[in-house]
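Computed from a prediction, not measured in an experiment: that's the story for all the values here.
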Amino acid sequence: MSQVAVLDEGNAAGAITDDRVSDFHTLGLAGCIDKLTVPLRQGGVSVHWEIPHHGVELPAASAALLYRAAQATLNCALKYSQATELTLRLAAVHHGVRLTITDNGYGAQSQLLGGRHQGHGLCMMTLAVHEAGGTISIDSIPGKGTLVSITLPLD
């Protein structure tokens with residue numbers, strides 16, 4: 001099963017949906033992910049972007065995986081965090097690319113971080129990132145917010 005298919009199954013019931021194929025060539029990865037933040041912005045969340053001044057060229061599979069991972073993460077932020085601020089960072093790192101999403105909300109609930117009712121979106125996202133040879137970390141402090149960092153290799 002492809003990485004994108006794995007993430008699609010996990011997001012089937014998500015609040016932020018986008019079944020259309022994203023146009024990474026026209027909008028870039030950041031532009032496509034930014035479209036996913038519209039429901040958060042409409043709910044009053046201030047969304048900030050930090051992106052490199054130079055473009056990061058990504059294979060289509062890596063862009064699609066980061067997009068779907070962002071979709072799963074933003075769904076959790078929309079449903080659970082009650083955040084007022086969200087920061088997205090896209091950066092080139094040694095032989096790879098990193099997407100970091102930080103919010104100032106309640107912090108991820110225990111069921112989202114591996115408890116008995118772990119969210120399917122995060123579980124599928126973790127599996128897909130590992131299958132692609134990447135790493136994912138989810139750091140959360142109750143009452144202080146959540147940081148999700150996804151790094152994919154580019155070689």
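- Remark: Ser81 OG to Leu40 CG distance equals 7.5 Å, nearest 0.5 Å.
- The OG1 atom of Thr73 sits 7.5 Å away from the CG atom of Leu99 when rounded to the nearest 0.5 Å.
- Across every non-hydrogen atom of Arg98 and Ser149, the tightest pair is CD-OG, 3.4 Å.
- There is a path of hydrophobic side-chain contacts, each under 4.5 Å, that joins Leu90 to Leu154.
- Both Val47 and Val148 are part of a single hydrophobic cluster, where members link through side-chain heavy atoms under 4.5 Å apart.
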Quiz item: Could you go step by step and tell me if Ile101 and Leu147 meet the side chain to side chain contact (heavy atoms under 4.5 Å, CB included) rule?
Solution: CA-CA 6 Å; Ile101 301 174; Leu147 179 142; over 6 Å; no

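- Between Tyr80 and Tyr106 the shortest heavy-atom distance is O-CD1, 3.9 Å.
- Rounding to the nearest 0.5 Å places CD1 of Ile136 at 4.0 Å from OG1 of Thr126.
- With Ser62 contributing its side chain and Leu58 its backbone, the two residues share no donor-acceptor pair below 3.5 Å.
- No chain of hydrophobic side-chain contacts below 4.5 Å, direct or via other Ile, Leu, Val, Met, Phe, Trp or Tyr residues, connects Ile33 to Leu27.
- Residues Asp139 and Thr146 have side chains that never bring a donor and an acceptor to within less than 3.5 angstrom of each other.
- Smallest separation of non-hydrogen atoms from Leu88 and Leu86: CD1-CD2, 4.0 Å.
- Looking at Leu152 and Leu65, their side chains come closer than 4.5 Å, going by heavy atoms from C-beta outward.
- His94 NE2: 12 or fewer foreign heavy atoms inside a 6.0 Å radius.
- Of all non-hydrogen atoms in Asn104 and Glu85, the two that sit nearest each other are OD1-N, 2.9 Å.
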Quiz item: When you look at Val45 and Arg41, which way does the side chain to side chain contact (heavy atoms under 4.5 Å, CB included) test go after all the steps?
Solution: CA-CA 5 Å; Val45 177; Arg41 291 175 198 262; over 6 Å; no

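- Expressed to the nearest 0.5 Å, how far CD1 of Ile150 lies from OG1 of Thr135 amounts to 9.0 Å.
- Looking at heavy atoms from C-beta onward, Val97 lies in side-chain contact with Leu66 at the 4.5 angstrom threshold.
- Considering OG1 of Thr102 and NZ of Lys144, their distance stands at 15.0 Å, rounded to 0.5 Å.
- Going from atom CG of Leu36 over to atom CG of Asn75 covers 8.5 Å, rounded to the nearest 0.5 Å.
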